[in-house]
Amino acid sequence: MHKDIKEILFADTEIQARVKEIGAALTDEYSEAASRGEGVLLLSVLRGAAIFMADLARATEIPLEMDYMALSSYGSSTKSSGRVQIQKDLTSPIKGKHVVVVEDILDSGLTLQFLINYLEQHEPASIEVITLLRKKTKEQVHIDCAHVGFECPDEFIVGYGLDYAERYRNLPYIGILKPEVYE
Ligand code: IMP
Ligand code: MG
């Protein structure tokens, strides 16, 4: 285990098993739409969700497109500022497509609230949200999630795409960062 990690929450194998389950659920949900020729788009929020989406896409057996948006609200702090900015917009129009938003972690919910609102203005056929992790915190905006990978404690989480100040994204497991690293 990395010296900055207090505790491993979800091991590599556990994550992969959960990703396969969510991928199979996506195949069920969208195979009819896909067979009617309707577009399905996996949209990940850079950079944390990129690793999750790469695995999820390969666990899903329907034709799909992938796109990425970059949003920022944190800077290098561990708390959301609440001001969300688009750093990278959609590459292609989403009008009439089934958009599956793939997020790494739902904390305050402000990022997803902003994103869903933004996407709705572009008239997709549908929007669903998948988050790998949902933090158990008191001040969370309600976001309807079709799938939640894992519930996690209100601590600072890193690994499998999640960073602190751009580090730890490449850990194959998900763990709690030792508070002394950021305090
Ligand atoms: P929210 O807007 O507060 O829900 O925050 C969402 C974004 O903040 C996530 O997409 C992550 O990029 C980041 N974030 C929130 N909590 C954590 C954490 O524990 N570790 C790493 N990133 C986090
Ligand atoms: Mg994120």
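Treat the numbers as computed from the prediction; the structure is a model and nothing was measured. Indexing begins at 1, ligand by ligand and atom by atom, following the structure's order. Along the sequence shown, the residues carry numbers beginning at 1.
- Heavy-atom proximity to D163, at under 4.0 Å, picks out these atoms of ligand 1: 21 (C).
- By the criterion of a heavy-atom distance under 4.0 Å, neither the backbone nor the side chain of V158 is placed next to ligand 1.
- Judged by distance alone, with hydrogens and angles left aside, the side-chain atoms of K88 form a donor-acceptor pair with the main-chain N or O of Y68 at under 3.5 Å.
- Residues passing the ring-ring contact (aromatic ring centres under 6.0 Å, His included) test with H147, sequence neighbours excluded: none.
- Counting heavy atoms closer than 4.0 Å to ligand 1, residue D104 contributes side-chain atoms (C-beta onward) but none from N, CA, C or O.
- The I105 neighbourhood of ligand 1 comprises atoms 6 (C), 9 (C), 10 (O), 11 (C), 14 (N), 15 (C), 16 (N), 17 (C), 19 (O), 23 (C), with distances under 4.0 Å to a heavy atom of that residue.
- Listed by number with element, the atoms of ligand 1 under 4.0 angstrom from any heavy atom of F156 are 17 (C), 18 (C), 19 (O), 20 (N), 21 (C), 22 (N).
- A donor-acceptor pair under 3.5 Å is formed between the side chain of Q140 and the backbone N or O of D107.
- Ligand 1 lies nowhere less than 4.0 angstrom from a heavy atom belonging to R47.
- Using a 4.0 Å cut-off between heavy atoms, E155 contacts ligand 1 through its backbone alone, with no side-chain atom that close.
- In this structure, E183 has no side chain to side chain donor-acceptor pair (under 3.5 Å) partners at least two apart in sequence or on a different chain.
- Residue-to-ligand polar distances keep L112 apart from ligand 1: every N/O pair is separated by 3.5 Å or more.
- Residue-to-ligand polar distances keep L162 apart from ligand 1: every N/O pair is separated by 3.5 Å or more.
- Under a 4.0 Å criterion applied to the non-hydrogen atoms of K135, ligand 1 contributes the atoms 16 (N), 17 (C), 18 (C), 19 (O).
- Residue contacts with ligand 1: G48 is excluded, as none of its non-hydrogen atoms falls under 4.0 Å.
- Residue contacts with ligand 1, taken as heavy atom pairs separated by less than 4.0 Å, involve T111 via backbone and side-chain atoms alike.
- The aromatic rings of H122 and Y118 sit tilted, their planes meeting at an angle between 30° and 60°.
- For ligand 1, the atoms closer than 4.0 angstrom to any heavy atom of S108 are 1 (P), 2 (O), 3 (O), 4 (O).
- E32 and R36 are joined by a salt bridge, as a carboxylate oxygen and a charged side-chain nitrogen come within less than 4.0 angstrom of each other.
- A side-chain contact (heavy atoms from CB on, under 4.5 Å) with V129 is found for one member of D144, V148, L112, V99 and no other, namely L112.
- There is a side-chain donor-acceptor pair under 3.5 Å between D55 and Y160.
- Considering every non-hydrogen atom in both I62 and L26, the closest pair reads CD1-O, 4.2 Å.
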